[in-house]
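Below, read A as the first sequence line, B as the second, and so on, with proteins coming before strands; counting in each chain starts at 1. Predicted model only: the values in this text are computed from it and were never measured.
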Amino acid sequence: MRYSKYFLPTLREVPADAEVTSHQLMLRSGMVRRIAAGIYDILPMGLRVIRKVENIIREEMNRAGAHELFMPSILPAELWQETGRWDFYGKELLRIRDRHGREFCYGPTHEEIFTDLVRRDIRSYRQLPQNLYQIQTKFRDEVRPRFGLMRGREFSMKDAYSFDRDRTGAEESYRVMREAYTAIFKRCGLQFRAVEADSGKIGGSLSQEFMVLAETGEDSVVSCDGCDYAANLEMAEVKGEVSGSFADSGQDPEKVDTPGQKTVQEVTDFLGISPINLVKTIIMNGDKGAVGVLVRGDHEVNPVKVRRLVDDETLELAEPELVQKVTGAPVGFAGPLELDIPLYADNAVSHMSGFVTGGNAADVHMQGVDLSDFIVKAFGDLREAVQGDPCPRCGGSLTFLRGIEVGHIFYLGTKYSEAMKAHYLDESGAEQVIEMGCYGIGVGRTAAAAIEQNHDEKGIIWPVPIAPFTVALLSLDPGKEEVHAVAEAIYDDLIQMGVEVLFDEREERPGVKFNDADLLGIPLRVTVGGRGVKEGVAEIKERATGEEQKVPIEKVVEIVKEMIDARS
RNA sequence: CGGGGCGUGGCGCAGCCUGGUAGCGCACCUGCUUUGGGAGCAGGGGGUCGGAGGUUCAAAUCCUCUCGCCCCGACCA
């Protein structure tokens, strides 16, 4: 590609509304342009990267036995109503009407339509298992889109759905996908972890997220320093904390005035105690009524764990009005004593005695409270893990990392197949429900994550497998025939060898070309200038390491080829 | 949805408080000089100041409404 003919608008200055590095660099390197909140034009440079990622995904999915197809992006409401998600999915679902007033949505994910396809065309166990996927544009009307392609509203996603005869088969499909995903992100040249995850709105049980490790990641990842255990923060287990017998301080609970002291910090400072001697009481509300959740003052409640223990998916933090109604006090003074809702306590609380709690009245707390002073319906692991907690698998120590979720795999079971009556006949002629799994990869987000993980102050440093071009060829003197001819010859030869090369033959000063090459992050740079040509050499510089070598002009192509092969 | 902020040429910004008819840097075009890490000089093109309404002799500037965008929060008492 000749730079002078290409559509590649680079920016010197950082656009004001781009917050994170990958977004800034994608704008500066001419990959994307914003067109509305969370909606982007993808320019030629950006598309080249996207296509590279897509092709790696395709190759690995096909290798894993999945079949590509292409579904509509606009989906009829009826399918979503069948599974109840038309109502459940909420405002993120972009709903539209056609001229006849029929309801549709722009697909944010495609379980329903894949299940619909399969239920209509799969009759027999002989047709299973099946794994179908597409690479499609999705739309999720995010509350707050941000970070460019990282969290857009319109985005490209590879989504795959597996259909099996039984749970064993579905688990095998899941395992195969996990391996395919590992291969995909490895091939993209990324550092990542597969972590245990919550399945959220998609539903289902077994689930893992693939997280690209980057300091700017939106998600917290808990990782063991001793084994390969890794989990999303909301899933990280805390083990072995429950106490068999409860200690008792022998004291009676006693009121203490705490005017205006609401937070744990304020109360403990005011009373001169440590947060580990305070129990906070969190009021949550759901379809099955309100519950109180007790955790130690220095711990945080993990709502995912609470929902599981209480068996109420709908539990959310209660509104201040409800807190007032339930506890008789404003937010900040809830306590377990004489509280008329079921109480659940974190295991760590089982070791406590003589602690401080809220007093269920404004500006009042209680001291010297013991577990014998109130009834706990159940103890369990209800808190978020913290740095240094023991690993639930090996007893090592947990550390925290930041990650960007680029892939997510789920075992779904029969959630969709049952709702949509996706059945088959087994060998005995009995009707069975199909077991499903679903598997997503954010394509644009993977590209963005690659930049977050691979850049320096000058620009992007693409891993070779997803770089838009492999070689940037710079002709420093396109005006001087004897120099430029050398560059032209190298360009032709590289093209002949099948190398993807961006040939910078613009009438620009050398500095501009060097800086653009660094910004664009093309792995290898070949420089042809007056000086070098006089000595019969050109320079090859590697973007990632900064290593530079002068090589005879006639050997340039051969050496470049070797270097590429060593790095792909 | 709550709070904060911003919309002025392609990009980054000043001007607004204290109204007088738009400016700077980069980019772009022409010419000359320059040419190994974002060149210099000279000349030039481009903006109904997000939109609507109002106040005023006069509005980028003041007032009202509206649209768009960004940031923080929205699950820890």
Considering only distance and modelled atom types, tabulate donor-acceptor pairs under 3.5 Å from the side chains of residues 522-537 of chain A, sequence neighbours left out.
{"from": "A:R525", "atom 1": "NE", "to": "A:T527", "atom 2": "OG1", "distance (Å)": "3.4"}

Could you give the side-chain donor-acceptor pairs of residues 272-286 of chain A under 3.5 Å, partners two or more places apart or in another chain?
{"from": "A:S274", "atom 1": "OG", "to": "A:I276", "atom 2": "N", "distance (Å)": "3.2"}
{"from": "A:K280", "atom 1": "NZ", "to": "A:H299", "atom 2": "O", "distance (Å)": "3.0"}
{"from": "A:K280", "atom 1": "NZ", "to": "A:E300", "atom 2": "OE1", "distance (Å)": "3.4"}
{"from": "A:N285", "atom 1": "OD1", "to": "A:A290", "atom 2": "N", "distance (Å)": "3.4"}

Check residues 320-328 of chain A and write down every donor-acceptor pair under 3.5 Å in which the side-chain atom is one partner and the other belongs to a residue at least two apart or another chain.
{"from": "A:T327", "atom 1": "OG1", "to": "A:V323", "atom 2": "O", "distance (Å)": "2.7"}
{"from": "A:T327", "atom 1": "OG1", "to": "A:A329", "atom 2": "N", "distance (Å)": "3.1"}
{"from": "A:T327", "atom 1": "OG1", "to": "A:A329", "atom 2": "O", "distance (Å)": "3.1"}

What's touching nucleotides 70-73 of chain B from the protein side, N or O pairs under 3.5 Å?
{"from": "B:C72", "atom 1": "OP2", "to": "A:R144", "atom 2": "NH1", "distance (Å)": "2.9"}
{"from": "B:C72", "atom 1": "OP2", "to": "A:R144", "atom 2": "NH2", "distance (Å)": "2.6"}

Report all interatomic pairs (protein N or O, nucleotide N or O of nucleotides 27-29 of chain B) with separations under 3.5 Å.
{"from": "B:A27", "atom 1": "OP1", "to": "A:R12", "atom 2": "NH2", "distance (Å)": "3.3"}

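Put simply, CD on A:E218 is 16 Å from C1' on B:C75, counting in whole angstrom units. The separation between A:E457 atom CD and B:G37 atom C1' is 13 Å, rounded to whole Å. Nucleotide B:U35 holds its P atom 15 Å from the CD atom of A:E482, rounded to whole Å.
Qualifying side chain to side chain contact (heavy atoms under 4.5 Å, CB included) partners for A:E338, counting only residues two or more places apart in sequence or in other chains: none. With sequence neighbours excluded, no residue satisfies side chain to side chain donor-acceptor pair (under 3.5 Å) with A:T399.
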For nucleotides 3-10 of chain B, give me one character per nucleotide, 5' to 3': B if any protein heavy atom sits under 4.0 Å from the base, S if the only such contacts are to the sugar-phosphate, - if neither.
--------

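For residues 24-33 of chain A, no residue pair satisfies the side chain to side chain donor-acceptor pair (under 3.5 Å) rule, not counting sequence neighbours. Sorted by first and then second residue, the ring-ring contact (aromatic ring centres under 6.0 Å, His included) pairs with a member in residues 512-544 of chain A form an empty list; sequence neighbours excluded.
Of the residues in residues 264-290 of chain A, those placing a heavy atom less than 4.0 Å from an atom of RNA chain B are A:V264, A:K280, A:T281, A:I282, A:I283, in numerical order. The stretch residues 509-518 of chain A touches RNA chain B through A:R509, A:P510, A:G511, A:V512, A:F514, A:N515, A:D516, A:D518, each having a heavy atom within less than 4.0 Å of the strand.
Across all strands shown, A:P303 has heavy atoms under 4.0 Å from base atoms, whether or not it also approaches the sugar-phosphate.
Checked by distance alone, A:K541 brings no side-chain donor or acceptor within 3.5 Å of a matching partner on the base of B:G36.
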